[in-house]
Structures are given as structure tokens and as C-alpha cells.
Amino acid sequence: MSGGERPELGQVPETALWTLWYRAVEARRPDGLLHDPKAVELVDRIDYPFAERFGTSGSQAQLQALRAACFDREVADFLAREPRGTVVCLGEGLETQYWRVDNGRARWLSVDLPESVALREELLPPGPRQRYLAADATELGWADEVDRNREVLLSAQGLLMYLPPARVRSLIAGCADRFPGGSLVLDAVPRWFSRLTLNGKLRAHGYQPPPMPWAMDAGERDKLRTASPAIATVRDVRPVGGRGLLGELLPLALTVPLVANRRPSVTVLEFAGQPERS
């Protein structure tokens, strides 16, 4: 950052630096799974002890890239269908997806906590089709800022696991009610992983992730339908690719129910459209 400044973030917003770092670690590889030069650029600009704080795990970098790629595919597919649609990113942090998949015509709205938006505005100033809104994503006031004349895709990457379960359910229901015909892409950690964070037993290198009170085993994703009758379909988004041992084991793991049903997951919720008037 200019002037040698360092970002000062709370525990949950600091996770934006963790995910940024591991995207950059993977993107620096010549055989990397994610093309993300903007992440590399940011890491080089920010005065922060990334490696000392977060480590340099190659497997973590791969897993982070595979998760980001799941979201990228869904957004890219949406923009192929709706080139002038709107992508609403909830709790975006320092995600650089816009620079990976933007089509030059879509609109992008980023909704995040004030301290996260301030950092994003400094490091990633918005372009003409981007807008940053400092707000609590769970309050849903931001929904009034979305152009309803355009198709909408909502993205909640790396957000919901940090919320109480009741607020997750309320947010999903609110999105389903307010955006008929739209969709929401979200990710979840499995229950065993959540328990480790709640008990303070998850530690990587010198970094301890914040508690993650909301969790969902991949095999129970259909329960998300109960959040709102406006949820028409629930769809799993599976990671594709991988390198080395991880690349060899991942396809196998996805065929073993005990593993496949208790893994981190990315899910798409598609909302029913407005009923036609007679």
C-alpha cells in the first residue's frame, strides 16, 4: 500500500487477506489452476507478512483456487446467458473475480462491512460498472440498490460460515423473496470443520481462523430449500481439476459418499420467477 501502510482489520475481515494470499500463491505457479494476476499484484503492493502469518501451503493454495474456480464458472455461465446482468457480491473482501471473468458489459455491486469496503476502495478502485456499498449484507437494505430491470446473480463466497445459522437462513430467504428468477451461489464448510473452529482447535502455521458457527455437510444441501418456498432448485457445484496427489484423489473422493457428503461445498440456489398475471 502507498506510504508503506499496513491494513488493520478485524478477525473476520482479515480472512480476505488469507484468501487473497493463497490465490496469489497458486497464480504465481506456471502450472497454476487459477489465472489471477490481480491477486499477485495486490500481494506485491500490500505491506503485510503474508507468508509468516499464513504459511505457504501448496495444498491450501490449490483448494482455494478450486473453490474460486467454482464461483467463476457460475458467474461466467450467468454472464454468457445474461451479458448485461448484475452480479452482486456479498462479503467480497479482496476477491478479484471481476478481473477474472468480467465481460465488459455487466454491472457489479460489492456489499461489505465498512472497514472492508474502505480497504477495497484503496486497493481496487471501482470502475464505471462497479459499485461498492458499505453495509451489513444480512440487513438486506442493499437489495434496494439493485436494478430490478436486469437479471441478477448473487454470490456469497467465504461469508455465510461466519454468521449465526438464523441469520444465514434469514439472508437466503430474503434474497429468494427479493430476487425472483435470480440465483445465489454460496459455499459452506462441513460440520466437523466448524466444530474445530468453534473449539479453537484449527490452526494453520501461526494463523487461527475465526469461529465458523454456520456449517452444512454437502450431503444435506437440499435442506436449504426449507429457507423459502421461492427456492426452486438446489444444485451442487463440484471442483474440477487439481494437481499432483490432490488432483488424483479429488475425483475419487467425490465418488465415496462418506467423504463426498462431508466436504466443503459450493451450492447454487435458483429462485422461482414472478407468477404470470392472467
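For the single chain, residues carry numbers from 1 onward in sequence order. Bear in mind the structure is a predicted one, so any value in this text is a computation, not a measurement.
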Test salt bridge (Lys or Arg N to Asp or Glu O under 4.0 Å) on R178 and D144 and set out the steps. CA-CA 9 Å; R178 287 166 174 77; D144 296 333; 5.8 Å; no
Can you tell which of L42, T15, V25, V40 makes a side-chain contact (heavy atoms from CB on, under 4.5 Å) with L20? L42
By the definition side-chain contact (heavy atoms from CB on, under 4.5 Å), identify the one residue from V168, L90, T138 that meets it with L160. V168
Side chain to side chain donor-acceptor pair (under 3.5 Å) against T56, all qualifying residues, sequence neighbours excluded: none
Results of side chain to side chain donor-acceptor pair (under 3.5 Å) for R100 - residues two or more places apart only: D36, D72, E95, T96
Do E74 and R235 sit within salt-bridge range, that is, some charged N less than 4.0 Å from a carboxylate O? yes
Could you list the residues that satisfy ring-ring contact (aromatic ring centres under 6.0 Å, His included) with [X], not counting sequence neighbours?
{"X": "Y22", "value": "W18"}
{"X": "F179", "value": "W142"}
{"X": "F193", "value": "none"}

Sequence neighbours left out, what passes salt bridge (Lys or Arg N to Asp or Glu O under 4.0 Å) with [X]? Give chain and number order.
{"X": "D136", "result": "R167"}
{"X": "R131", "result": "E145"}
{"X": "R195", "result": "none"}

Hey, what else clusters with L250 if you join Ile, Leu, Val, Met, Phe, Trp, Tyr whenever side-chain heavy atoms sit under 4.5 Å? L33, L63, L66, L246, L254
Besides L245, the hydrophobic cluster formed by Ile, Leu, Val, Met, Phe, Trp and Tyr side chains linked at under 4.5 Å, directly or via other members, contains L249
Ring pair (Phe, Tyr, Trp, His ring centres under 6.0 Å) pairs touching residues 56-101, sequence neighbours excluded, are Y98-W108
Any pair with a residue in residues 77-93 that passes salt bridge (charged side-chain N to carboxylate O under 4.0 Å, His left out), sequence neighbours left out, goes on the list, sorted by first then second residue, please. E92-R120
